[in-house]
Amino acid sequence: MVKRDISYLNNVDVSEIKGFGEKRIKSLNKSGIKSIVDLIRFFPRKHIDRSSILTIEEVRNLFEIKEITILVEINDVSVFTTRSRLRIATLTVKDDTGAAKAKWFGPQYIETRFKAGDTVAISGIPDIKKTGSVEFKNGTIEKYLDSDELNETGALIPIYKKIEGLSSSLIRKGIKHALKRAPEINDYLHPDQLKLYSLVNRTKSFNDIHFPENLNEYYEAKKRLAFDEFLYLQTIFKKKKAIDKQKTGSEKINSENKLINKFTQNLDFELTKAQHRTINEILKDMNKNSPMKRLLQGDVGSGKTIVAASAVYAVINSGFKAALMAPTEVLAEQHFNSLNPILQKYKIKTYLLTSSVKDRSEMIEQMTSSEPVFFIGTHALIQESISFNNLGLAIIDEQQRFGVDQRRKLIESSNIVPHQIVMTATPIPRTTALAVYGDLDISIIDELPPGRKQIENILLSGLEDDNNAVVDHCIQHLEKNSQIFIVCPYIDESENKDIKAAEKVYKQYENLFPHNNVELLHGRMKSEEKEAIMERMNESKIDILVSTVVIEVGIDIPNATLMIIESAERFGLNQLHQLRGRVGRGSKKSQCIFHISSKLDMSSITDVGNKRLNAIVSTNDGFKLSELDLQIRGEGKVTGTDQSGLSDLKIADLRYDFDILNNSKIFFEKELTEELEEKIYNEAILLFPNFVKTEDTT
Ligand code: ADP
Ligand code: MG
């Protein structure tokens with residue numbers, strides 16, 4: 001038999017398949033199905049089990065009522081219209097063991113499609129009367145010629161996404177024909193490899209994903225197809241990276257050890273091994289004319305900022321500008337406050353640009369000058385009117401909070417192509433990162449600075465006893481002269497409601513602790529006001545700081561040892577982890593209380609809410625949490641962007657397919673020859689054009 005390549009089949013038009021008229025071809029085309037490959041890759045959403053075919057006698061004695069199929073001959077067809085004009089079609093049917101009835105309510109025209117003497121298969125959940133009579137209501141019926149032709153009954157029936165203008169039975173038939181048209185599909189994996197990686201061959205995978213004999217066959221098919229998709233991803237990203245490496249337009253940054261040591265050896269603390277390693281990775285990468293695109297990931301508090309600052313130091317010493325963009329004003333200000341004093345020692349000028357900076361004339365002048373200076377800011381950095389002269393390095397902090405366009409804008413706002421560092425505190429395991437961040441090189445800080453104490457997690461309900469326990473915890477921390485963060489419910493996108501909620505909590509704590517200094521912080525405050533509050537918090541002049549989620553990212557106050565998250569069930573897992581990371585930064589023991597909304601307990605919140613809260617208290621490890629998050633939420637939300645084309649994966653699912661992904665990575669590293677890679681790549685660009693198209697600025 002001739003084996004066909006996917007690329008060959010991709011050129012065979014669906015119109016060549018039996019049974020589709022012109023109109024239906026149009027409908028298929030509209031749904032993006034143009035070739036045979038499109039059709040066999042139109043994977044079912046699920047299967048319904050109609051595999052048990054019983055005799056009428058067996059149905060009568062059915063122990064447990066479930067969906068079954070009978071093979072019968074039609075005795076009689078009748079139609080009856082009720083007074084309320086409901087049409088009821090009744091078939092009387094029989095097999096060797098007895099007789100049964102099947103009824104259809106409504107205009108299904110059963111009587112025109114079937115006649116006495118026809119052999120049919122009927123599937124459904126039977127009604128079994130005490131008298132022993134068997135009746136089906138609105139079952140699925142089809143003519144039975146020989147068992148091969150059974151499409152909708154007597155098997156695991158694939159269910160597809162609706163295509164306008166085509167019945168599901170027609171889709172099934174079409175796919176069957178398409179599979180017959182391609183009886184053997186070339187497999188790029190050798191039989192030995194299939195065995196080694198426990199995979200079924202391609203032909204089988206395509207057949208069984210639609211028409212499995214049993215569920216196990218279906219899972220094996222799915223596994224193989226997911227494996228292929230992960231291989232596609234990897235080849236595409238590898239190519240993309242190779243192409244990126246050939247690009248030029250960036251400036252070579254001096255990365256001599258002597259230079260950078262001067263900076264790193266004069267900090268207030270010793271860098272961790274992981275920080276040293278990532279700094280080296282970055283410097284080595286920037287010492288080229290091809291633009292670096294590097295993802296710097298590390299758990300909350302792992303010390304990403306100083307790694308980025310080391311890169312800034314090197315870039316400025318080579319005579320270029322650097323810019324760091326953060327998602328909130330509070331965070332940009334904090335970066336400015338912590339980095340400016342360090343960089344000043346080396347006469348490096350640092351500017352802070354946020355939307356509350358009114359007089360920008362000096363800054364704009366600096367941006368367009370040839371001076372090597374450093375800008376820290378928010379979205380204000382990417383306003384239309386602003387462009388940089390000689391921006392050698394662009395850093396994006398908390399990248400998950402920015403859209404692709406915003407990141408691109410910063411990159412494109414310069415006359416040269418800057419090197420890029422994107423930082424994220426949504427750490428994900430390296431294997432998964434490959435799929436999520438694709439074409440970025442990755443540096444991981446997998447070590448926390450020494451002396452960090454584990455944060456103790458406490459989950460409390462909104463019932464009275466637990467509310468009192470929250471107050472008791474506060475008292476204990478205040479007695480040790482420690483400070484407390486209280487983060488208020490995240491209501492929705494409108495900050496106004498969040499502020500109202502925060503004001504309420506603020507009043508409550510003011511009343512509870514009249515002798516302590518309780519203050520309120522929210523995003524609508526003037527920037528000087530916010531800064532003053534953070535400053536007072538830093539100087540331990542505030543005992544309890546009540547805030548909206550503006551506090552979420554990056555804030556760093558070592559003497560704060562208690563974090564209380566109100567209405568914790570409303571927050572996302574990553575948000576909870578970020579918030580918790582605001583404490584546990586000093587030498588004192590810290591606690592984080594996840595406090596459920598007033599009057600609620602675990603049993604009254606959603607399943608997903610339960611899962612998230614259980615996950616967050618189970619571990620402080622951000623890498624583990626992101627894995628759990630994937631499972632709870634699904635992969636699309638993790639990146640929050642469309643950058644990787646992940647949503648185009650048809651079969652593979654990062655929530656469940658870690659093992660397959662891992663295996664495919666091992667395969668990719670061990671078994672890939674140039675020839676094989678080329679084959680996989682060619683298929684990949686055919687099947688996933690969007691992966692290739694995705695813009696490459698991130
Ligand atoms: P994140 O990775 O969450 O952005 P930061 O860069 O804000 O973390 O660092 C958290 C805190 O840890 C800061 O106060 C920083 O000065 C401090 N820090 C960073 N690296 C070290 C280190 N090697 N030793 C001690 N403290 C460090
Ligand atoms: Mg940070």
Side-chain angles (χ1 to χ4, degrees), residues 260-261 263-280 282 294-313 324-343 345 376-378 395-402 421-428 442-455 483 485 534-535 537-540 549-561 563 574-588 590 592 620-623 625-626:
I260 198 68
N261 285 349
F263 181 78
T264 54
Q265 286 171 359
N266 284 311
L267 296 169
D268 292 342
F269 44 74
E270 286 269 319
L271 290 178
T272 61
K273 268 207 205 87
Q275 284 172 319
H276 275 299
R277 184 182 36 125
T278 47
I279 290 172
N280 285 336
I282 291 169
R294 193 165 274 279
L295 174 74
L296 175 59
Q297 62 162 343
D299 210 341
V300 197
S302 60
K304 295 182 286 290
T305 320
I306 200 68
V307 170
S310 311
V312 169
Y313 175 81
L324 184 158
M325 183 162 76
T328 64
E329 252 178 63
V330 176
L331 190 55
E333 281 156 17
Q334 181 185 297
H335 281 322
F336 180 81
N337 292 335
S338 67
L339 295 181
N340 188 36
I342 301 177
L343 295 168
K345 289 192 230 164
I376 295 176
T378 55
I395 304 164
I396 288 142
D397 193 18
E398 309 288 346
Q399 68 92 23
Q400 74 279 5
R401 303 272 301 252
F402 289 100
I421 298 175
V422 295
M423 303 201 277
T424 174
T426 312
I428 55 178
I442 300 173
S443 286
I444 300 181
I445 309 180
D446 50 5
E447 176 183 6
L448 293 180
R452 290 276 159 82
K453 293 261 166 32
Q454 278 285 324
I455 300 166
Q483 293 160 275
F485 281 119
M534 287 320 294
E535 194 53 41
M537 188 73 184
N538 219 352
E539 291 166 355
S540 302
V549 285
V550 292
I551 205 87
E552 181 188 338
V553 286
I555 302 298
D556 190 35
I557 312 248
N559 191 45
T561 55
M563 164 64 71
N574 180 46
Q575 250 181 333
L576 291 173
H577 182 58
Q578 285 286 317
L579 288 168
R580 172 172 61 190
R582 299 306 112 224
V583 296
R585 298 187 158 235
S587 49
K588 293 200 224 173
S590 291
C592 182
N620 287 330
D621 180 338
F623 285 91
L625 276 175
S626 68

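Given the structure is predicted, the values throughout are model-derived calculations rather than measurements. We count ligands from 1, going down the list as the structure has it; atoms in each ligand are counted the same way.
When non-hydrogen atoms are compared, ligand 1 lies under 4.0 Å from neither the backbone nor the side chain of Gln334. Here Met423 has no heavy atoms under 4.0 Å from ligand 1, in either its backbone or its side chain.
Under a 4.0 Å criterion applied to the non-hydrogen atoms of Leu271, ligand 1 contributes the atoms 23 (N). Close approach to Glu270 involves these atoms of ligand 1, each under 4.0 Å from a residue heavy atom: 22 (C), 23 (N), 24 (N). Within ligand 1, the atoms closer than 4.0 Å to a non-hydrogen atom of Thr272 are 23 (N), numbered from 1 in the order shown. The ligand atoms of ligand 1 that sit less than 4.0 angstrom from a heavy atom of Val300 are 3 (O). Every atom of ligand 1 is numbered from 1 in the order shown, and the set under 4.0 Å from a heavy atom of Thr305 is 4 (O), 5 (P), 6 (O), 7 (O).
Just one residue in the list Glu398, Lys304, Gln297 forms a side chain to side chain contact (heavy atoms under 4.5 Å, CB included) with Thr424, and that residue is Gln297.
A 4.5 Å side-chain heavy-atom check between Ile444 and Thr278 finds every atom pair outside the cut-off. With a 4.5 Å cut-off on side-chain heavy atoms, Glu333 and Met534 do not count as touching. Counting heavy atoms from C-beta on, the side chains of Ile342 and Phe263 come closer than 4.5 Å. Between Ile282 and Arg294, some side-chain heavy-atom pair lies under the 4.5 Å cut-off.
Among Lys304, Arg452, Gln578, the residue whose heavy atom lies nearest to atom 11 (C) of ligand 1 is Arg452.
Between Gly303 and ligand 1, a contact under 3.5 Å exists for at least one N or O pair. Backbone and side-chain nitrogen or oxygen atoms of Phe269 are examined, and none is located within less than 3.5 angstrom of a nitrogen or oxygen of ligand 1.
No donor-acceptor pair closer than 3.5 Å links the side chain of Arg277 to the backbone N or O of Ser443.
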Next item on the list: Just do the side-chain hydrogen bond (donor to acceptor under 3.5 Å, both in side chains) check on Asp299 and His577 with the steps written out, would you?
Entry: CA-CA 9 Å; Asp299 210 341; His577 182 58; 2.6 Å; yes

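Rounding to the nearest 0.5 Å places NE2 of His276 at 6.5 Å from CD1 of Ile279.
Judged by the shortest distance from any of its heavy atoms, Glu398 lies outside the 4.0 Å radius around the atoms of ligand 1. At least one heavy atom of Ser302 sits closer than 4.0 Å to an atom of ligand 1.
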